Amino acid sequence: MAYRFSVNQQSCINCGICMDLCPVRCLDMTRPSGDGEIGDIEARKSPIPGEWGERSWMMLVPTQVASCVGCQVCVQECPTNAITIESSIKQVAYSKRGPLSYLPAEGGWQPLNAYTRAMPEEPGESPWGENRAWHVAERQDVWQTWRTWLGDRKEDLRAPCQAACPVGTNAGLYVSLIAEGRYDEALHVAAEPNPFPVICGRVCTAPCEDACRRGEFDEPIAIRDLKRFATDHGAPLKRRVKPAKQQYKEKVAIVGAGPTGLSAAYYLARRGYHVTVFDAMPVAGGMMAIGIPDYRLPRAELNRDIDAICALGVELRLNTAIGRDINLDEIRASYDALLLAVGAQRSQRLDIPGEAELKGVVPATTFLKDFNLSETTRLEGEVAVIGGGSTALDAARSALRAGAKAVHILYRRSRAEMPAQHEEVRAALEEGIQLHELTAPVQLHGQNGQLSSIQCVRMKLEQPDEKGRRRPVPIAGSDFEMAVTTVLVAIGEAPDPSFLPEGTSVQVAAWGGLLVNKETLATGAEGIFAAGDVTYGPKTVIHAAADGRKAARSIHAFLRKFSLRGVKEMPDDEFETASPLPADGHVTLDLRPTARAEMPLEGSRAARDRSIEFAKGFTEEQARHEASRCLRCDLAYLCPSIHTITPETVAGKQKVRS
């Protein structure tokens, strides 16, 4: 696989910025073979309006002369959006360098420095002079143009993995530290913007891996599994977070000790507030504790992150249900601000005949809560789980450990379209769980009020719907029946606003979520905010962590009477390590196709033991080898000199030796 550079000559203004900023020096500008000549009227037209509408000719157009690493700096910096980088090209024909012509006479070809101060030298300098530091500015909408300096923006442009992470974890840096064997530092970097580094190392959905540029060569870096390695091997085992430098007198209450509530508590405590978190459950963690089983997220690892938050002075009041043990008005009267982070725990219904009247039809979230809170929870016989997301997979694997004879997952689309992570599906299949793709339930049958079987129909996929997913439709005459004793329903969850008191100013949307200001997360009630799944529906731990941080920022602005725009999302003393350029300014990238490391799993003996973590974790050799596959996109904008190892270069060296 290779990248091919191409340029639209109608849009190109021959400025040469792409050539000067290329970190691997794979671009050059074509030159005239002899004396330069001023072009005709059409040739002198420029996309730039005003006095620059007509130009003297200088160099012709940029051209590719060496291997491109696909960093996209040239694309992002091109002032006329004339450049595209084509990926997955089997072979690229490079332009050959020839002799340079002498400079043309005055009035003919113009030198590059007439248009830009950028010079083709290591590591390259600002094209706009010494007074402006430059970075690529992100383009939020297609109609916007790229700018070569960030103006008032403070942060550096981030690598795709970091930009895709809702909390902005610098994955490229901690992955590189693992490759060097510096595990303590890797853990420190992974924990900087994330209150749940240990938890996310095991259960994060890893949006960073979807954006990983290595996936364009072969497979994405196993970023989540490497984070777990850092949390398993980095010291200390007990996480410590530095306390706030300044303490405020205001008190904040949070309803919900799930990932959103705990994240908000973490960042409010880091800003200097006393925080109390109320939760109806006997344990903290929300769905991380009562929804994700111990064999996937051991409680000792879960509590490493929760204990670090409590060590900041956060108070937990568990077994305290709103409306039963205390009402919302009481809390609001006792605290200066209140955050509602109750999540989405009401299970969606199948809405098929037999669901309401038969025993044995159980919401998957209810079963998981019972399973995770009590070791005595048992199931017998054949179990069917309806759904294809993480909740469905957790319910299916837990049902096996709860004593089910056999477990079947029924999903109306194909395996490739299951929302659950690939690793979860792989583990379930290795444990002996049966996956029935393109299968949907249509009716539940029973005897004497007890579920006895489920009637299903085969599905086929047709044209994509408005979300881009192929729409499943029933196949006529394909009905079949499956004998089961329990059905676990896992087709989605929704918020339950029934805890709100009558007459509250907190408004509820038609679908059950709380209505908030999208920027401030404020509800219609003064001093009451809401965040997380209760405002947008079920998402993931890492999304909840990001929304909790956003809520903490808004509450801080509210209590201090600051403009929200004047408050940073991170506390002022929160330090984030920037990716440093190696001392010699050189980076070596191995571009040879390399298989992604696969997480080693326990054997089938662990499939029915809830106390054994099924994913064993990388060995040190696996982790360092996997980390070495990283393309270090986090360094691309520091303009390092890059040495690439490719199959062609290796073959060339072997040929020379022979």
Side-chain angles (χ1 to χ4, degrees), residues 154-209 211-214 220-243 263 266-267 270 301 304-305 308-309 311-312 541-542 545-546 549 568-583 587 589 597 617-618 620 622-638 640:
K154 303 298 183 184
E155 73 273 18
D156 292 335
L157 185 71
R158 300 170 296 179
C161 55
Q162 187 176 9
C165 176
V167 298
T169 307
N170 189 349
L173 178 55
Y174 77 71
V175 167
S176 71
L177 291 170
I178 291 172
E180 296 173 17
R182 298 158 64 183
Y183 309 138
D184 294 356
E185 295 168 79
L187 173 57
H188 178 75
V189 171
E192 282 175 345
N194 187 354
F196 310 122
V198 179
I199 295 168
C200 286
R202 283 168 163 81
V203 302
C204 185
T205 51
C208 51
E209 294 183 17
C212 177
R213 202 166 272 150
R214 180 80 202 198
I221 305 297
I223 300 174
R224 177 189 56 246
D225 295 337
L226 288 172
K227 176 177 285 187
R228 171 183 168 174
F229 180 85
T231 62
D232 286 349
H233 292 78
L237 182 63
K238 183 178 180 181
R239 286 193 59 223
R240 291 183 178 87
V241 182
K242 62 181 179 181
S263 174
Y266 172 89
Y267 283 106
R270 286 284 295 106
E301 303 301 326
R304 284 177 64 188
D305 286 339
I309 294 172
L312 291 171
V541 171
I542 196 65
R549 185 167 77 189
K568 297 177 182 178
E569 191 163 308
M570 298 287 280
D572 289 337
D573 62 341
E574 193 77 52
F575 180 75
E576 290 184 87
T577 306
S579 296
L581 197 65
V587 175
L589 302 181
F618 284 159
E620 186 170 5
Q622 278 183 303
R624 295 190 65 171
H625 182 266
E626 177 64 15
S628 69
R629 297 174 61 238
C630 178
L631 298 180
R632 297 308 311 274
C633 304
D634 58 311
L635 296 181
Y637 303 100
L638 297 176

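Here the structure is a predicted model, which means the values were calculated and not measured.
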query: Would you call Asp225 and Lys227 a salt bridge, taking side-chain N to carboxylate O under 4.0 Å as the test?
result: no
message: Going by side-chain contact (heavy atoms from CB on, under 4.5 Å), name the residues that satisfy it together with Pro166, two or more places apart in sequence or in a different chain.
response: Pro207, Ile542, His543, Ala546
query: With sequence neighbours left out, what residues match Glu180 under salt bridge (charged side-chain N to carboxylate O under 4.0 Å, His left out)?
result: Arg182
field: Where Cys200 and Asn194 come nearest, the two heavy atoms and their spacing
entry: SG-ND2, 3.5 Å
task: Output the distance between atom SG (Cys630) and atom CD1 (Ile178), rounded to the nearest 0.5 Å.
output: 10.5 Å
task: Using modelled atom types only, decide if a donor and an acceptor are shared between the side chain of Arg213 and the backbone of Leu631 within a distance under 3.5 Å.
output: no
field: Close side-chain approach of Arg270 and Met570, heavy atoms under 4.5 Å
entry: no
- prompt: Is Arg304 reaching over with its side chain to a backbone N or O of Thr231, donor-acceptor style, under 3.5 angstrom?
  reply: yes
statement: What one should report as the nearest heavy-atom pair of Tyr267 and Pro193 is OH-O, 2.8 Å
field: side-chain contact (heavy atoms from CB on, under 4.5 Å) partners of Pro582, counting only residues at least two apart
entry: Asp584, Val587, Leu635
- prompt: salt bridge (charged side-chain N to carboxylate O under 4.0 Å, His left out) with Arg228: which residues, sequence neighbours excluded?
  reply: Asp232, Glu613
task: Quick one: list whatever passes salt bridge (charged side-chain N to carboxylate O under 4.0 Å, His left out) with Arg624, sequence neighbours left out.
output: none
- request: Provide the full list of salt bridge (charged side-chain N to carboxylate O under 4.0 Å, His left out) pairs with a residue in residues 162-172, sequence neighbours left out, each pair given once.
  value: none
- line: Scanning both residues in full, the closest heavy-atom pair of Cys161 with Ile223 reads CB-CD1, 4.1 Å
statement: Tightest non-hydrogen contact, residues Cys208 and Ala164, listed as CA-CB, 4.2 Å
Non-neighbouring partners of Cys212 that pass side-chain contact (heavy atoms from CB on, under 4.5 Å), sequence neighbours left out: Arg214, Pro220, Ile221
message: Looking at every non-hydrogen atom in both residues, tell me the closest pair between Pro160 and Ala211 and how far apart they are.
response: CB-O, 3.5 Å
message: Quick check for you: to the nearest 0.5 Å, what is the distance between Glu192 atom CD and Leu173 atom CG?
response: 8.0 Å
- request: Can you measure from OG1 (Thr577) to NE2 (His188) and round to the nearest 0.5 angstrom?
  value: 4.5 Å
- request: Sequence neighbours left out, what pairs pass side-chain hydrogen bond (donor to acceptor under 3.5 Å, both in side chains) with at least one residue falling in residues 163-174?
  value: Asn170-Ser579
message: Please find the pair of heavy atoms, one from Ser263 and one from Ala545, that lie closest to each other, and give the distance.
response: OG-O, 2.6 Å
By salt bridge (charged side-chain N to carboxylate O under 4.0 Å, His left out) - contacts of Arg224 (at least two apart): Glu423
- prompt: Considering residues at least two apart in sequence or located in another chain, which fulfil the side-chain contact (heavy atoms from CB on, under 4.5 Å) criterion with Ala597?
  reply: Phe618, Glu626
task: Quick one: list whatever passes ring-ring contact (aromatic ring centres under 6.0 Å, His included) with Phe229, sequence neighbours left out.
output: Tyr183, His233
task: Go through the structure and list residues passing side-chain hydrogen bond (donor to acceptor under 3.5 Å, both in side chains) with Asp305, not counting sequence neighbours.
output: Arg239
